[in-house]
Amino acid sequence: MAIEFSKRVERTPAYPMSGAQALPEDIVLMASNEVPDAPLPQVLRAIEGVIGNANRYPDPTNTKLRRALSDRFDVPAARIAIGAGSCDLLMAAGDVLLEPGAEVVYAWPAFSVYPYLEAATGATGIRVPLNDAHEHDLDAMLKEITVATRLVIVCNPNNPTSTALPLDEITRFVEAVPRHVCILLDEAYCEFNTLDDPDASVDLLKRHPNLVLLRTFSKVYGLCGLRVGYALCGDPRFVEAVDRIRQPFFCSIPAQAAAIEALKHQDVIAERVERTVVARVEMESALNDLGLEPAASQANFCWFALPEDGPEEADVVKGLAERGVLIRGGTGQGRAGYLRVTYGTPRDNDRFIAALADVLGR
Ligand SMILES: *Cc1c(COP(=O)(O)O)cnc(C)c1O
């Protein structure tokens, strides 16, 4: 006799790993939308300053970090939730809002973690196809909202397609969604978006208690290895709910300290965004030279279709890996025949372009 597992295990897909863990040193990692920068020396010192307390549990209320975020965004600390990465808050949102019979609406392709909410809760997922420009079709999403809908997720900028919608379209959508439905705006890449001031969406919280802005220290802040994210919420009851259903000590002592310190260095964030915008322009033109048409990126990565007369996606991914470049194939991201490529350093980007030209025989 073997142990019996719950049905939840069966219906939960395995997360597709990038394969980076098993590879040699001289490899460029462009598969996980990380920034190439090591943590700032000040952040490392902040971690060193607290790691000696590791025999104690972390502050379960994350008070200092929530206060720092409250000062930064002018949102009361009672309306700020912390998570072990924003995926922790995403899954917690599923747990507090969804159950069998309930529905969650999201665009597709979007973040590969969203389908886990259905698997974890037994709710029904309604996937609304992106438009031809690889953007959310908000009108089509609105039409899918019913009395059964508890949660609608909008990923802006969208992973894996890199596109963003302007804030006025998001605003119109938020105004049209019924008040009983929680709107989760996943803004993991918002700092890279140059269409609007990344902080402008925060104002929507004042008028929309059903809105949650999901943000993270994993992307532009470059701390994904520490696992810390946050949610700015329209209603403090959302914070209370996600805190109630999780284990109490989800955010570690070094993660809290690093996040507080990282927030103080907005000049570095601005530099990273500038560098990303340069990479965006350079990568687009290099891809165009290869006859490829990336979607209009507002993120730190690009998304494009492979040529129909060229090698298969799996062979391109393999060929790039053999040349020391790790990227994501579209199949695991919801659309076969595409690639998602994170911008690296200028040298990484050149190496990717050279490897791709070689693999495509161009
Ligand atoms: C990377 C990412 C996240 C953040 O994940 P963390 O758990 O904070 O590391 C959230 N949403 C999207 C769309 C992402 O791409």
Side-chain angles (χ1 to χ4, degrees), residues 15-18 20 29-37 39 62 65 69 80-95 104 106-117 120 125 127 130 134-136 151-165 170 183-193 198 201 212-232 242 246 250-252 254-256 258-259 262-263 269 272 276 295 297-303 327-328 330 332-335 338-343:
Y15 184 78
M17 300 299 166
S18 71
L29 303 178
M30 304 172 83
S32 297
N33 297 347
E34 300 149 336
V35 293
D37 315 79
N62 298 281
L65 175 54
L69 289 164
I80 300 176
I82 305 297
S86 56
C87 287
D88 181 34
L89 286 166
L90 188 60
M91 296 307 288
D95 286 338
V104 48
Y106 55 91
W108 199 251
F111 189 29
S112 56
V113 169
Y114 301 154
Y116 287 74
L117 273 67
R127 296 183 182 184
L130 300 175
H134 308 282
E135 297 163 347
H136 280 60
L151 174 63
V152 52
I153 309 175
V154 174
C155 190
N156 200 50
N158 188 41
N159 178 9
T161 64
S162 77
T163 54
L165 292 179
I170 300 282
I183 306 158
L184 198 145
L185 194 53
D186 186 341
E187 299 190 312
Y189 303 97
C190 66
E191 297 88 352
F192 297 113
N193 179 2
S201 55
V212 173
L213 307 181
L214 190 64
R215 296 187 172 199
T216 183
F217 286 95
S218 293
K219 302 291 158 58
V220 78
Y221 287 93
L223 298 176
C224 56
L226 286 171
R227 315 304 304 127
V228 50
Y230 60 100
L232 307 175
V242 292
R246 288 178 298 166
F250 48 75
C251 191
S252 75
Q256 293 185 37
L263 271 179
I269 301 306
R272 288 179 187 177
T276 301
S297 176
Q298 288 294 337
N300 65 334
F301 57 90
C302 57
W303 171 255
I327 51 89
R328 289 270 180 182
Q333 308 293 313
R335 185 158 292 170
Y338 278 75
L339 294 189
R340 190 196 73 187
V341 182
T342 311
Y343 308 140

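What you see is a predicted model; the values in this text were computed from it and never measured. We count ligands from 1, going down the list as the structure has it; atoms in each ligand are counted the same way. Worth knowing before you read on, the calculation uses all heavy atoms, side chains too, and leaves out hydrogens, waters and symmetry mates.
R227 pairs by the salt bridge (Lys or Arg N to Asp or Glu O under 4.0 Å) definition with nothing, not counting sequence neighbours. By the side chain to side chain donor-acceptor pair (under 3.5 Å) test, D95 pairs with no residue at all, sequence neighbours left out. Residues forming a salt bridge (Lys or Arg N to Asp or Glu O under 4.0 Å) with R215 (at least two apart in sequence, or on another chain): E187, D199.
For R328 and N33, the side-chain atoms include no donor-acceptor pair closer than 3.5 Å.
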Enumerate, one pair per line, all nitrogen or oxygen atoms of ligand 1 lying under 3.5 Å from a protein nitrogen or oxygen, stating the separation to 0.1 Å; write 'none' if no such pair exists.
{"residue": "ligand 1", "atom": "7 (O)", "partner": "S86", "partner atom": "N", "Å": "3.1"}
{"residue": "ligand 1", "atom": "7 (O)", "partner": "C87", "partner atom": "N", "Å": "2.9"}
{"residue": "ligand 1", "atom": "7 (O)", "partner": "R227", "partner atom": "NH2", "Å": "2.7"}
{"residue": "ligand 1", "atom": "8 (O)", "partner": "S86", "partner atom": "N", "Å": "2.6"}
{"residue": "ligand 1", "atom": "8 (O)", "partner": "S86", "partner atom": "OG", "Å": "2.9"}
{"residue": "ligand 1", "atom": "8 (O)", "partner": "T216", "partner atom": "OG1", "Å": "2.6"}
{"residue": "ligand 1", "atom": "8 (O)", "partner": "S218", "partner atom": "OG", "Å": "3.3"}
{"residue": "ligand 1", "atom": "9 (O)", "partner": "S218", "partner atom": "OG", "Å": "2.6"}
{"residue": "ligand 1", "atom": "9 (O)", "partner": "R227", "partner atom": "NH1", "Å": "2.8"}
{"residue": "ligand 1", "atom": "9 (O)", "partner": "R227", "partner atom": "NH2", "Å": "3.3"}
{"residue": "ligand 1", "atom": "11 (N)", "partner": "D186", "partner atom": "OD1", "Å": "3.1"}
{"residue": "ligand 1", "atom": "11 (N)", "partner": "D186", "partner atom": "OD2", "Å": "2.8"}
{"residue": "ligand 1", "atom": "15 (O)", "partner": "N159", "partner atom": "ND2", "Å": "2.8"}
{"residue": "ligand 1", "atom": "15 (O)", "partner": "Y189", "partner atom": "OH", "Å": "2.6"}
{"residue": "ligand 1", "atom": "15 (O)", "partner": "K219", "partner atom": "NZ", "Å": "3.1"}

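Residues Y106 and W108 approach most closely at CE1-CE3, 3.6 Å, considering heavy atoms.
You'll find the ring centres of Y189 and F301 inside the 6.0 Å limit.
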